[in-house]
Each structure stands twice: as structure tokens, then as C-alpha cells.
Amino acid sequence: MTNESQAWKNLETHYQKLREVHLRRLFADDPKRGERMTLKAAGLFLDYSKNRVTDETLELLFALAEESRLQERIGAMFTGDKINFTEGRAVLHTALRMPRGSSVTVDGNNVIPEVQAVLDRMTEFADRVRSGAWKGHTGKRIRNVINIGIGGSDLGPVMAYEALRFYSDRNLTFRFVSNVDGTDLAEAVRDLDPAETLFIVSSKTFTTLETITNAKAARAWLVEGLGNNEQAVARHFVAVSTNATEVKKFGIDTSNMFEFWDWVGGRYSMCSAIGLSTMIAIGPDNFRALLRGMHEMDEHFRTAPIARNLPALIGLLGIWYTSFFGAATAAVLPYDQYLKRFPAYLQQLTMESNGKYVTRAGQRVGYDTCPIYWGEPGTNGQHSFYQLIHQGTRLIPCDFIAFAQPLNPVGQQHDLLIANLCAQSEALAFGKTKEEVEAEGTPAWLAPHRVFDGNRPSNTIFAERLAPQSLGKLVALYEHAVFTQGVIWNIDSFDQWGVELGKVLARRIVPELSSPAEPDLSHDSSTNNLIRYYRRLKKETA
Ligand code: F6P
């Protein structure tokens with residue numbers, strides 16, 4: 001058990017010593033701390049000096065990584081061991097971004113040629129859509145692309161589209177439909193011409209209720225809009241899936257299907273064919289650059305010693321706050337408007353991966369695992385929830401993310417943006433003492449309200465500019481930080497059994513809501529009552 005290991009116990013003892021130590025003191029004791037506690041790897045720069053750690057803390061965290069055999073487990077992932085053992089699957093999103101000519105075997109089969117063949121097909125298709133060579137049923141070119149998917153089949157594509165919008169073809173409109181709430185699809189198509197619209201139905205399993213329901217509704221919209229001609233579907237629907245049988249059943253020609261494999265987890269799939277909308281938006285060369293960025297970070301993670309390993313370091317710092325300080329949440333604060341969906345993307349990546357209370361041995365963990373991830377782009381968050389990060393009662397470690405070059409330089413605005421980032425991490429770490437507040441002439445009664453305790457930790461990540469390659473590095477950085485944490489917490493980061501129960505129960509409730517006759521209900525009294533109340537209200541307000 002992780003928390004029975006010597007390294008864990010040493011960290012617990014060390015925590016008791018360090019919990020009262022202020023960052024002000026750590027910085028005063030080491031004037032070079034801000035330069036020393038930085039790490040540059042694969043083109044990303046991390047300042048981790050504003051964390052509540054000493055060199056000893058880091059040594060103990062590295063020892064924990066060693067005791068957890070992190071490096072060995074990294075090797076096992078990269079070589080295709082079935083580390084997602086509850087589902088009996090390899091975990092090989094890293095193979096999706098390996099260069100042509102590499103080799104990784106799953107069940108005795110080198111998967112790289114298949115990966116590259118799908119990328120080549122995606123390239124050909126994306127080029128045809130972008131150039132107008134791919135025509136809709138009526139002969140018009142495609143001007144709108146709608147990705148229908150949910151979870152990993154939506155969040156990666158929508159995040160990447162928003163993040164890389166600067167590089168996208170502005171003659172094409174991209175929309176993303178995920179929610180089974182009919183509003184999502186209705187609003188996505190309301191101003192579009194079906195003759196110019198292409199739907200990408202993205203679903204690993206092709207059985208997900210939300211996606212299949214939305215895809216059927218989209219098909220009805222399209223067929224109706226094109227003279228009730230079912231033949232139109234072939235030119236307006238493509239699929240991305242691992243499940244050819246279900247794709248065929250849905251009515252999409254499998255020659256218009258882009259394949260991926262069960263060894264790609266949904267939340268790790270934006271670099272697979274699930275990225276088709278991304279490739280159409282930014283073009284195949286830019287998509288390849290995204291993959292190169294990911295691969296660069298993969299190689300760093302695979303080969304760098306733990307003490308100089310960026311994802312491992314970020315993962316370990318997260319463990320320090322979650323499992324020792326008891327931090328329940330972590331904020332991700334990108335100072336770049338294009339990264340507005342990055343926190344939402346990270347929520348699935350982190351929480352669906354590590355939101356587990358059972359160890360690999362099937363026992364209940366004796367420590368806290370994944371915190372709640374949340375965030376908004378700066379500076380908007382500063383005028384909303386930062387108050388709580390500065391003066392609230394909870395410890396919230398923050399990751400600030402920024403770029404040196406703006407993509408849209410407007411006057412001095414980029415310097416203003418970055419000044420705010422630097423100011424926030426400074427204020428969080430050092431705060432403002434009672435003495436400082438009083439020295440400003442603040443009356444005694446007001447002073448407590450204006451004091452900032454500080455000692456609130458943060459990481460700052462800088463890259464040159466937001467581009468496909470740097471986005472790839474950022475995504476892979478967090479993927480591997482999540483992996484690191486899963487190894488230490490000794491959980492399976494690659495299954496998601498926790499989402500199953502709700503799905504099963506919903507399937508049972510659907511007919512109870514829609515049956516004309518009053519159903520016999522056998523849920524608990526609250527669920528029964530909710531169902532009855534909804535049925536009555538629906539009828540009364542129809
Ligand atoms: O409900 C969870 C989940 O299985 C995610 O892990 C996945 O990304 C999402 O549903 C969508 O699944 P699919 O791509 O099979 O439609």
C-alpha cells in the first residue's frame with residue numbers, strides 16, 4: 001500500500017515540519033530560489049519555486065516515485081503492457097504520435113503502420129474537405145463541420161479547435177454537439193444549410209446514448225433538408241470509431257469511417273482519428289505538428305530522470321497538496337483566451353482518470369486521490385473567484401499557463417495580461433502582512449480584511465507561443481502528470497467504471513418518463529416522487 005511505504009511515511013513526518021513554513025521564509029533563505037527551482041523541457045518552462053517545498057521535500061517526493069516504481073511503469077505504458085488491467089487493455093496514446101517507421105507491438109502486432117495509414121486517410125479526407133473537392137449531395141462544397149461526440153470524443157476536439165482557432169480555415173464553420181439536450185443540436189444547426197454541412201460522428205464505442213441520439217437527430221435534419229433523400233447521408237456523414245459493426249448499423253458506409261483502437265482511452269484520444277475535426281480545421285501539416293509536440297513531451301517523460309522530469313514533477317507536486325495538505329481542488333488558469341476550454345478538457349483527463357477510491361489490488365485507498373480541477377482563463381477569473389483563492393479558507397494550488405508571444409498583438413495588452421499573471425502568483429505566495437497594511441495608514445478595524453496570508457502555492461508554465469506543437473506539449477504534459485499520480489496513488493487511471501451505474505439507471509428510467517400509462521415504480525421514494533412530479537408537470541404544462 002502506497003501510504004504504508006517508507007517514502008510516504010517520511011513525507012507525512014516532513015509535512016508536519018513544513019506545514020507552518022511560509023513561502024516568504026523559503027524565498028528569504030534562498031535568494032536564488034526563483035531561478036533555481038525552474039525546469040525547462042521540450043520547450044516548456046516551469047517555475048515551481050512558489051510551491052511549499054524545500055529541496056528535502058522534493059527528494060522525498062522523488063523517493064516516493066522510486067518506491068512506486070514510476071520509471072518502470074512508464075516503460076510498461078510505452079511498450080504496450082496491458083496496464084489498464086481492469087479492462088485488459090494496453091494504453092498507447094503515445095503510439096499515435098510516434099514517427100512513421102517506429103515500432104510498438106500490441107498482441108504481437110506492430111501498430112505504427114496502422115496508425116500512420118489512418119493518419120494518411122484522414123489527411124486525404126481533410127484536404128478534400130478543405131479544398132472543396134469533397135462535395136455534398138447536391139454538389140455544393142462543405143462549409144460547416146459538426147463533430148457529434150461526448151466526453152473524450154468531444155472535449156479534446158472542441159478544446160483543440162478553440163485553442164488553435166488562430167490557425168484554422170476561417171471559410172469553414174466548426175461546431176461541436178455533445179449534450180443529449182436537444183438544444184445543443186438545434187442551436188448548432190439552426191442557421192446552417194444541410195447541403196453544405198458535414199457531420200463527424202465520433203464515438204469510440206458507437207453505442208453512447210447521447211452521441212447516437214444526436215447523430216440520429218442530425219441525420220433526420222439532414223435528410224429532411226435535402227428532399228427526404230436517404231442517399232444524401234453518404235456525402236454528409238463520416239464516423240470515427242473502433243466499432244465498424246455499429247457504424248454500419250447506423251447507416252454510415254465504413255469506407256467513410258476512420259478507425260482507432262481499444263488501446264486508446266477516450267480522454268486520451270484527441271491525437272487519434274477523433275482529431276479529424278481538428279485536422280480539417282487547422283490542416284494536416286498543423287495536425288502533424290500537434291502530434292510532434294506531443295511526441296517530444298512523450299520522449300522527455302520516457303527518458304528524463306524523475307528529478308528533471310516535467311510531468312513527473314508536476315504530478316508529484318499535485319500529490320503533495322492533495323494527499324498531504326488535504327487540498328480538495330486545483331485550479332488551472334490559462335492566461336490565453338484561446339485556451340478557454342482547456343480547464344474543461346483537463347477535468348475529464350484528470351478526474352475520469354484518477355477519481356478512484358480503489359487501489360489496483362482492489363482495496364480502499366487510505367489517502368485522498370484526485371482533486372477537483374477547475375479554472376477559467378485569466379484575467380476573467382480574477383474578477384470572479386480569485387478572491388477565494390487569496391483569502392478563502394481553503395488551500396488551492398494553481399497552475400498558471402502563458403505564452404511569451406501573443407497571437408493577436410493589440411497595443412500593450414499582452415504585457416498587461418502577463419503582468420496580471422505575475423502579480424497573481426506573487427500575491428498568492430507572499431500575501432500582505434498586517435504590518436504592511438497598517439503602514440499604509442489602514443485603520444485597525446479594516447486591517448484584518450486587507451491582510452493577505454499568502455503561502456498559497458502555484459506553478460507557472462511558459463511557452464513561446466500558442467501553436468499546434470506547443471499545445472501538443474501541454475496536453476502530453478498533463479496526460480503524463482495524471483499518469484504519474486495514478487502510479488503513486490496505485491490506481492488504474494485508464495478505466496472509468498464510475499460512469500456506468502448512472503447510464504444503466506437512466507436507460508431504465510426513460511420508459512418510465514415517456515410511457516402513456518402510469519408506470520409501476522420501484523425506485524426509492526425520492527426518485528419515484530421525482531418521476532411522478534415530472535410526468536405530472538409535463539402533462540399540465542403541455
Ligand atoms: O462515459 C464516459 C465515457 O466512456 C468516456 O470515457 C468517453 O470519452 C465517453 O464516454 C464517450 O464514449 P464514446 O467515445 O464511446 O462515445
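Remember, it's 1-based here, ligands and their atoms both numbered in the order they're listed. Computed from a predicted structure; not experimentally measured.
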For ligand 1, list the protein residues that place a heavy atom within a distance below 4.0 Å of one of its atoms, sorted by chain and number.
I150, G151, G152, S153, S203, K204, T205, T208, G266, Q348, E352, Q496, V499, K503

Check salt bridge (Lys or Arg N to Asp or Glu O under 4.0 Å) between R532 and all other residues, then give those that pass, not counting sequence neighbours.
none

Please name all residues satisfying ring-ring contact (aromatic ring centres under 6.0 Å, His included) with H295, sequence neighbours left out, ordered by chain then number.
none

Hits for ring-ring contact (aromatic ring centres under 6.0 Å, His included) against Y321, two or more places apart or cross-chain, chain-then-number order -> F325

Without hydrogens or angle criteria, can the side chains of S272 and W261 be said to hold a donor-acceptor pair below 3.5 Å?
no

Hey, are N147 and Y161 close enough side-chain-wise for a donor-acceptor pair under 3.5 Å?
no

State which residue, out of F342, Y345, Y373, Y268, fulfils the ring-ring contact (aromatic ring centres under 6.0 Å, His included) condition with Y478.
F342

